[in-house]
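Structure first, then comments.
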Amino acid sequence: MKLNIEGLLVYFPYDYIYPEQYSYMLELKRTLDAKGHGVLEMPSGTGKTISLLSLILAYQKAYPLEITKLIYCSRTVPEIEKVVEELRKLIEFHCKETGEANNFLALALSSRKNLCIHPEILHANIVVYSYHYLLDPKIADLVSKELTKKAVVVFDEAHNIDNVCIDSMSVNITRRTLDRCTSNVETLQTTIQRIKETDAAKLKEEYRRLVEGLKEANVARVTDVYLGNPVLPAEVLQEAVPGSIRTAEHFVGFLKRFLEYLKSRLRVHHVVQESAPQFLKDIFQKVCIDRKPLRFCAERLRSLLRTLEISDLTDFSAITLISNFATLVSTYSQGFTIIIEPFEDRTPSIANPVLHFSCMDPSIAIKPVFERFQSVIITSGTLSPLDIYPKILDFRPVTVASFTMTLARTCLCPLIVGRGNDQVALSSKFETREDFAVIRNYGNLLLEMSGVVPDGIVAFFTSYMYMENIVASWYEQGILENIQRNKLIFIETPDAAETSMALEKYQEACENGRGAILLSVARGKVSEGIDFVHHFGRAVIMFGVPYVYTQSRILKARLEYLRDQFQIRENDFLTFDAMRHAAQCVGRVIRGKTDYGLMIFADKRYARADKRGKLPRWIQEHISDGSLNLTVDETVQMSKHFLRQMAQPFRQEDQLGLSLLTIEQLESEEMLKKISQMAHQA
Amino acid sequence: MAVYVKDLIRISHNWVDTHTCDVTTRGWILRLLINITASVVYPPLDDSCPSTTMASLSEEVLLVLKKVRQRKQDGTLYLMAERIAWGPEGKDRFTVSHLYSDIRCQKISPDGKAKIQLQLVLHTGESSTFHFSNDSSALTDREAAKDLLQQLLPKFKKKANKELEEKNRMLQEDPVLFQLYKDLVVSQVISAEEFWANRMSTTNTENTLSDKKQDVGISAAFLADIRPQTDGCNGLRYNLTPDIIESIFRTYPAVQQKYGENVPHNLTEKEFWTRFFQSHYFHRDRISTGALDIFSECAKQDEKGNVTHLELYRYIRSGVLNVLTAEGLPKEKKIGGKPASTSNPNRTGKENSNSAIIKRFNHHSAMILAAGSRRGDAPNDQASETSSTDGNSRDSDLFQPPIKKVWWSIDYLDLQREDGPKTVALNLKKSDRYAHGPVPLESQKYTTSQDIINSITCIRHEMANYVPNLAQVLTSSAVSSAIAALSPGGVLMQTGTQQAINQMVPSEVQGELKHLYIAAGELLRHFWTCFPVNSPFLEEKVVKMRSNLERFQMTKLRPFQEKVQRQYLSANITGHLEEMLQTAYNKLHAWQTRRMMRKI
């Protein structure tokens with residue numbers, strides 16, 4: 001159908017449209033008009049991706065000078081494939097409707113196999129790739145550096161974007177890394193020696209360039225040709241490389257000294273935590289390394305590797321990592337912390353020292369993106385509470401909106417199970433984690449549900465360890481045997497291939513009518529990126545609140561940082577993080593309006609307002625007061641009732657006019673009014 | 001772990017089925033009971049009753065056991081090729097004789113009981129008990145009889161019962177046939193064999209169809225169903241039924257292979273199952289494996305199958321695109337730095353066993369799933385079964401592109417216009433009436449909806465094309481006489497119509513008449529199928545059918561006619577039946593005279 005979005009002609013490759021899709025496009029267009037950033041939450045299964053693509057494509061057609069490129073970032077390979085598939089459909093429709101040949105160049109970078117050839121990316125109208133190509137400084141520099149400023153960047157499934165940012169900036173250094181660095185340095189040294197003998201002019205030329213300073217890069221940045229690189233701070237560009245590391249030999253010597261220093265730091269017997277300035281002070285005192293040469297380390301290494309004409313950079317990943325670390329630690333006095341742990345917490349007897357150089361501020365990595373690109377859209381099915389993302393990513397959005405799912409029938413049924421039939425409070429909190437009564441009641445819940453729910457059930461646990469313990473104890477108590485009477489059981493394992501296979505078998509069992517249960521882990525591979533549409537998931541059970549492992553020092557440091565810098569309380573952030581993962585898990589089950597599913601939150605803590613309030617609006621609004629603290633039996637009764645209702649035939653006509661619109665219905669005065677109200681609620 | 005296997009003699013007052021054995025292992029008793037139970041009880045449908053006379057000499061006697069008491073009478077037990085019989089001492093006739101096909105199961109008295117007995121339970125529910133009273137060899141006698149029966153019974157059960165079951169099923173499913181059976185066979189108009197003669201042949205094709213009916217999958221909890229029962233003195237008792245054994249074999253072909261290799265040459269059946277239950281293969285969480293464990297190999301084999309499969313899987317997935325591991329993308333880590341699932345070399349034993357359980361569950365479920373689909377592919381193909389022992393039989397579907405999965409999640413079906421012909425939705429005003437179904441008030445002639453539609457269109461068509469021809473109308477007197485003749489009671493309305501019969505004859509007689517019609521129809525069908533008579537067999541049959549028809553007329557039709565005449569003098573409701581019979585006789589007569597002519 002052809003839509004009129006505030007004067008913009010949008011080709012939408014379907015015959016019908018959901019009201020919230022229209023509303024979403026409206027908000028998106030306003031964001032693009034304002035050339036600002038946006039945060040948009042819309043439930044999964046309401047066609048977010050196609051709405052985004054349709055509108056931006058139309059915008060690009062209508063105003064080719066305003067927006068020249070769409071950069072679409074998604075997280076996993078299947079998601080990227082999904083986007084590409086939708087895009088293909090859209091472009092086909094576009095060509096058919098307009099009668100024009102396709103003059104769009106779309107490009108997807110998903111895996112090494114499909115890695116693109118560099119120049120092409122500059123001409124593509126649409127680029128679909130992973131977050132890392134934009135956020136990870138190592139990759140971004142290779143792939144995305146030259147992308148035009150007049151581009152729209154979309155981060156889809158962005159509920160975890162802060163973690164991606166942090167990970168892309170964090171560096172972990174182990175003994176093994178240092179050993180590989182040492183060998184890298186040796187290779188460098190011999191190569192330099194060889195070149196010096198054969199082609200000394202080359203090194204001289206490099207030296208000359210370094211004296212001149214990194215002018216090229218500076219010019220480029222000033223004239224806005226390149227995407228900023230957080231590892232290449234602006235100060236570096238304006239200055240010349242300090243004399244102490246200008247010649248190749250000196251630089252190698254400098255690296256050696258730095259490596260020796262790091263090795264000595266790893267020889268600790270207790271945990272050390274320090275800030276970047278403390279680290280710099282220490283390194284100056286111990287080995288007389290100044291801040292300035294450290295700051296140039298990454299750029300100097302890059303220049304050297306170029307000069308030496310080393311083609312295979314992967315061999316030098318270790319030394320590149322270390323030089324990036326050197327630059328980062330000397331550039332940012334805030335937002336990072338250094339933690340040196342002599343051993344892992346679980347295995348105190350085995351020495352395995354690690355230096356975590358951990359980023360605590362996600363805004364550092366994403367800052368260049370916000371600064372460079374005209375519009376950045378952050379969107380996902382679960383972004384609640386919406387105000388936290390602009391805060392932690394440090395940007396000012398022009399649009400913040402959350403859309404709910406208009407439904408002709410209530411196809412999702414969130415239930416909070418707080419008690420067992422014996423009134424034992426159900427919770428995964430630390431104190432009752434080993435409590436047999438709780439484990440038994442959890443088992444009972446799964447058993448009862450397995451007898452009521454057709455086809456597939458997905459159950460999530462808070463962690464892998466917790467799941468292992470519960471499964472073992474269910475096995476001993478004979479609960480699993482009884483569950484097997486109703487459904488087959490498949491369990492996620494740490495092994496990705498094994499899990500893929502279990503998943504495939506699970507799908508097979510759902511498909512052939514046998515029915516199955518998949519036990520998996522929140523924050524695991526299954527919990528994000530795998531959809532359980534229709535009969536592949538009729539119920540999802542969340543056992544406990546998926547809090548992150550709070551004893552980690554890195555997390556503690558981050559929480560402190562959040563408190564000091566952003567005035568976000570520890571508990572608020574932890575709850576926010578737990579609830580976004582819970583929402584992700586339960587959201588797996590509803591993938592559209594014709595789909596239906598039960599969402600069972602098996603922990604009494606979900607009933608509290610501070611937890612419940614952090615769920616996305618489209619889930620929250622279906623939690624009634626009557627379903628806040630149910631027993632297992634009550635849950636089973638309500639589930640039965642719900643499933644029986646859902647089993648009734650559901651036709652397109654039932655949806656039409658309510659949650660599904662024809663073009664005529666959409667253009668009616670009344671509906672437009674309704675839709676505009678819907679958007680303002682946010 | 002040393003395993004002590006020692007027989008334990010247990011005293012029980014109950015009858016125990018024949019496959020009983022007791023084994024002690026370190027004080028644990030595993031008693032394996034293999035119950036052979038028949039699922040259906042078949043009433044004898046054939047008129048062939050077991051004869052109680054002495055067997056003819058040609059009958060092969062497989063085993064003779066003397067000093068066997070029955071009803072406190074000494075005698076001799078004979079096991080013959082097709083039946084078991086017992087005759088009292090000094091008499092040359094059998095007072096007890098059972099065809100093997102009539103025997104449902106045999107039971108023996110528990111070991112250690114003073115009386116050594118064998119009981120035969122028949123399908124009819126009756127039973128005969130034999131007491132082996134030979135002082136020196138009672139137990140061996142009983143064992144010999146038991147073992148032989150054990151071999152013989154299943155053979156007969158399968159053969160005899162299959163046919164009976166089929167007949168029984170047909171009769172149960174088809175009330176008309178059942179009535180016919182009653183009318184013709186039970187009243188001895190024709191014999192059962194004649195009755196079934198051309199029925200079974202027509203059902204043979206159906207038979208093969210019904211053989212192919214959907215296979216029943218295996219319950220995932222079948223191992224859980226083998227509930228060990230504790231019985232007082234530290235014993236564990238497993239009840240194994242043939243179903244469970246089949247489930248085990250189907251799910252774990254490796255075990256079946258082991259069974260084939262070891263039973264009965266190396267191990268007896270009971271030893272095999274005892275070891276199975278002791279083995280780590282059964283106990284998923286047990287890590288230690290004894291040297292005696294023949295199943296460790298199975299587990300290894302499974303493990304190997306799994307591993308190679310996983311390798312293959314990894315290989316393929318890395319070639320295509322992995323669903324889970326984003327190949328080529330840096331792995332995302334959890335916040336807090338510690339990935340929850342690092343494989344740690346120094347995990348504790350408990351953790352190891354926990355992960356073993358998880359692996360086992362995945363494996364078990366996959367096996368069950370594979371067993372279901374394996375059945376469908378090749379029911380008896382040993383080769384295919386062994387080749388797919390790893391439970392992941394269909395490698396080919398790994399090669400399917402992952403696009404299919406993507407398709408599911410991107411297509412918003414409700415956003416698209418529905419294609420295809422519009423169907424009319426069933427709108428039930430009173431759904432309870434739909435649920436209970438129509439209640440027939442009384443049986444009446446049934447007009448199909450197609451008939452009604454046809455006739456309506458027909459009438460409509462005629463009405464549309466009706467052109468009154470005013471030049472050729474009847475005179476008023478002719479019209480009035482015609483109307484009078486066609487009115488009830490008029491000249492043309494006197495012959496009995498169906499409605500007249502309905503009104504004249506009570507429903508009981510109607511029913512009887514209906515049965516007569518069906519029976520006569522059946523007989524006539526037999527009769528007419530003989531034509532053209534082109535074989536001696538058919539000649540014989542046609543003559544026999546004639547006598548059958550005559551017998552039918554005499555024993556069934558005549559009494560009915562008399563009865564009707566006694567009650568309703570005027571009605572001649574059997575006229576048509578007689579006509580049909582007469583036509584048959586005429587036909588036969590014509591055929592016979594023609595044959596005579598030809599012979600002359």
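Predicted, not measured: the structure shown is a model, and the values here were computed from it.
Put simply, the side chain of Ile358(B) does not reach to within 4.5 Å of the side chain of Leu519(A), judged on heavy atoms. Using a 4.5 Å heavy-atom threshold, the side chains of Arg514(A) and Ile368(B) count as touching.
Rounding to the nearest 0.5 angstrom, the gap separating the NE2 atom in His364(B) from the CG atom in Leu488(A) is 7.5 Å. Taking CZ of Phe361(B) as the start and OG1 of Thr493(A) as the end, the distance is 15.0 Å to the nearest 0.5 Å. Asn512(A) contributes atom CG, which lies 5.5 Å from atom CG of Leu369(B) (distance to the nearest 0.5 angstrom). A distance of 11.0 Å separates NE2 of His363(B) from CD of Glu498(A), quoted to the nearest 0.5 Å.
In this structure, chain B has no heavy atom under 4.5 Å from any part of Asn486(A). Of the two parts of Ala502(A), only the side chain, counted from C-beta on, holds a non-hydrogen atom closer than 4.5 Å to a non-hydrogen atom of chain B. Residue contact with chain B, scored on non-hydrogen atoms closer than 4.5 Å, involves the side chain of Leu660(A) exclusively. For Leu559(A), no part lies under 4.5 angstrom from a heavy atom of chain B. With a 4.5 angstrom heavy-atom cutoff, Glu492(A) touches chain B only via backbone atoms.
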